[in-house]
Amino acid sequence: MIKFAHRGASGYAPENTLGSIKKAVMMGAKAFEIDVQLTRDNEVVVYHDYSLGRVFAGEGNIKDNYLKELRFLPIKNNFSEEFSSEVFPVLKEVLEIIPKESILNIELKAIDSEKREIEDYILKSIESFPKENILFSSFNHEILKRISEKDKELKIGLLFEELPDNLEEYINESKIKPYSINPSAKFLTEEKVKDIKKLGYKTFVYTVNDVESFEKLKKYEVDGIFTDYLDRF
């Protein structure tokens, strides 16, 4: 089973920061998950929330701020002092830290009203990393459709909170050819995992932080999990 370091070692460091990624590397992570989105000046930054205030201090949406403004924001560090000087990270910086042989899940973040084609900027930013080791995922399946149309060799992971009643029909109608289905652990059953396997897709499950859930998913024979605590399993 693959264990993805969810937003880096986010149980031990501020999520999606360079410190969190470095911590995950030190912990022996072989697979990583990060979130990316665009700034006002089309820089690809690594951040989960659409708005500021939780991880980095500030107000407003990421898409409305210039990168130079984001770089000056202080981190709201709830961890050790070693992370007190973290700065707002860009994707290229993160890719310099993650070993090239690792599996990297990049979650694409964009609100439905976003008119820019985020995938164009993403594809330019990942040129230094082996394409075959990258999995693109998103809850915004329209973006996944667009990025897969630009490069049919890309691996695509469909993110769901709750799986549709007829997954096969949904995928056929979406015109996306996924590599994996990435469902929430909350609503996942063994029967649903079997259905995903019958369709020929990998099953990568989020977010698994307790041993009981891990053992249950191991029994279901899922292909991977996303976790904040790599060392628990």
Side-chain angles (χ1 to χ4, degrees), residues 4-27 29 31-100 102-129 134-140 143 147 159 206-207 226-230:
F4 289 86
H6 183 239
R7 306 176 195 169
S10 56
Y12 302 100
E15 65 180 56
N16 278 326
T17 59
L18 298 184
S20 184
I21 301 300
K22 289 176 182 176
K23 184 76 172 177
V25 172
M26 289 174 59
M27 294 175 72
F32 300 78
E33 186 271 349
I34 57 174
D35 307 275
V36 300
Q37 54 187 301
L38 291 181
T39 63
R40 185 172 180 176
D41 46 344
N42 298 321
E43 294 289 344
V44 183
V45 292
V46 180
Y47 201 73
H48 176 270
D49 299 357
Y50 291 118
S51 59
L52 292 163
R54 186 171 64 85
V55 181
F56 282 88
E59 296 180 351
N61 292 324
I62 306 302
K63 70 180 184 65
D64 297 324
N65 281 270
Y66 292 102
L67 177 61
K68 65 181 180 180
E69 298 169 331
L70 297 173
R71 291 291 228 182
F72 281 108
L73 296 177
I75 191 163
K76 299 175 78 171
N77 179 29
N78 296 320
F79 298 89
S80 66
E81 189 64 26
E82 66 179 299
F83 304 113
S84 61
S85 60
E86 291 290 332
V87 296
F88 215 100
V90 297
L91 178 57
K92 287 182 178 180
E93 292 173 329
V94 171
L95 295 182
E96 289 174 358
I97 299 171
I98 297 176
K100 297 293 188 288
S102 305
I103 300 171
L104 175 59
N105 186 146
I106 300 177
E107 181 179 339
L108 308 178
K109 311 282 291 187
I111 59 177
D112 292 337
S113 61
E114 176 63 79
K115 301 301 182 185
R116 295 173 295 178
E117 295 191 347
I118 180 175
E119 61 275 11
D120 289 339
Y121 300 98
I122 300 292
L123 291 174
K124 289 178 183 177
S125 295
I126 64 164
E127 290 175 349
S128 66
F129 204 88
I134 297 177
L135 173 68
F136 287 103
S137 66
S138 184
F139 287 101
N140 187 329
I143 290 180
I147 199 168
L159 267 168
Y206 72 93
T207 303
F226 299 91
T227 181
D228 303 332
Y229 301 94
L230 284 170

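All values below were derived from every heavy atom in this structure, side-chain atoms included, with hydrogens, water molecules and symmetry-related copies excluded.
Shortest non-hydrogen contact noted between Ile62 and Val45 is CG2-CG2, 3.8 Å. A pairwise comparison of heavy atoms in Ala5 and Leu230 identifies CB-CD1, 3.8 Å as the closest pair. Of all heavy-atom pairs spanning Gly60 and Asn65, the tightest one is C-ND2, 4.3 Å. Here the shortest heavy-atom pairing between Ser51 and Tyr47 reads O-CE2, 3.6 Å. Nearest heavy atom pair, residue Gly8 against residue Ala24, reads C-CB, 4.0 Å. What you find for Phe136 and Ile122 is that their closest heavy atoms are CE2-CG2, 3.5 Å.
Every side-chain contact (heavy atoms from CB on, under 4.5 Å) that Asp120 has, sequence neighbours left out, goes to Glu117, Lys150. When the salt bridge (Lys or Arg N to Asp or Glu O under 4.0 Å) test is applied to Lys23, no partner is found at least two apart in sequence or on another chain. Every residue two or more places apart in sequence or in another chain was checked for a salt bridge (Lys or Arg N to Asp or Glu O under 4.0 Å) with Glu96, and none qualifies. Every residue meeting the ring-ring contact (aromatic ring centres under 6.0 Å, His included) condition with Tyr229, not counting sequence neighbours, appears here in chain and number order: Tyr12. Annotation: ring-ring contact (aromatic ring centres under 6.0 Å, His included) contacts of Phe4 (sequence neighbours excluded): Phe204, Phe226. The side-chain contact (heavy atoms from CB on, under 4.5 Å) test applied to Pro99 returns Val25, Phe32, Glu101, Ser102, not counting sequence neighbours.
The closest side-chain heavy-atom distance from Val36 to Leu108 is below 4.5 Å. No side-chain heavy atom of Leu135 sits less than 4.5 Å from a side-chain heavy atom of Leu104. Residues Val55 and Asn16 form no side-chain contact, since every pair of their non-hydrogen atoms from C-beta on lies 4.5 Å or further apart. Between Glu107 and Arg7, every side-chain heavy-atom pair lies at or beyond the 4.5 Å cut-off. A heavy-atom distance below 4.5 Å is found between the side chains of His48 and Lys109. Contact of the Thr39 side chain with the Phe88 side chain is not registered, since no non-hydrogen atoms from C-beta on lie closer than 4.5 Å. Side-chain atoms of Ile126 and Ile106, non-hydrogen and from C-beta on, do get closer than 4.5 Å to each other.
Note that the CG atom of Leu95 and the OG atom of Ser128 stand 5.0 Å from one another [nearest 0.5 Å]. From Ile118, atom CD1 reaches atom CG of Leu38 across 4.0 Å, with rounding to the nearest 0.5 Å. One finds the CD1 atom of Ile97 at 7.5 Å from the CD atom of Glu93 (value rounded to the nearest 0.5 Å).
When each of Ile21, Asp228, Thr207 is tested with Ser10 by the rule side chain to side chain contact (heavy atoms under 4.5 Å, CB included), just one qualifies, namely Asp228.
Under a cutoff of 6.0 Å and an axis angle of 45°, Lys63 and Tyr50 do not form a cation-pi pair.
Using the six-membered ring where Trp is involved, Phe139 and Tyr206 have ring planes that are perpendicular, over 60° apart on the 30 and 60° scheme.
Side chains of Asn105 and Ser137: a donor on one and an acceptor on the other come within 3.5 Å.
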Evaluate Gln37 against Glu114 for side-chain contact (heavy atoms from CB on, under 4.5 Å), listing each step before the verdict. CA-CA 11 Å; Gln37 54 187 301; Glu114 176 63 79; over 6 Å; no

Assess the residue pair Phe56 and Thr17 against the criterion (side-chain contact (heavy atoms from CB on, under 4.5 Å)); give the C-alpha distance rounded to whole Å, side-chain angles, the decisive distance to 0.1 Å, and a yes or no. CA-CA 10 Å; Phe56 282 88; Thr17 59; 4.2 Å; yes

Step by step, work out the side-chain contact (heavy atoms from CB on, under 4.5 Å) result for Val90 and Val46. CA-CA 6 Å; Val90 297; Val46 180; over 6 Å; no

Check the pair Asn77 / Glu86 against side-chain contact (heavy atoms from CB on, under 4.5 Å), numbers first and verdict last. CA-CA 9 Å; Asn77 179 29; Glu86 291 290 332; over 6 Å; no

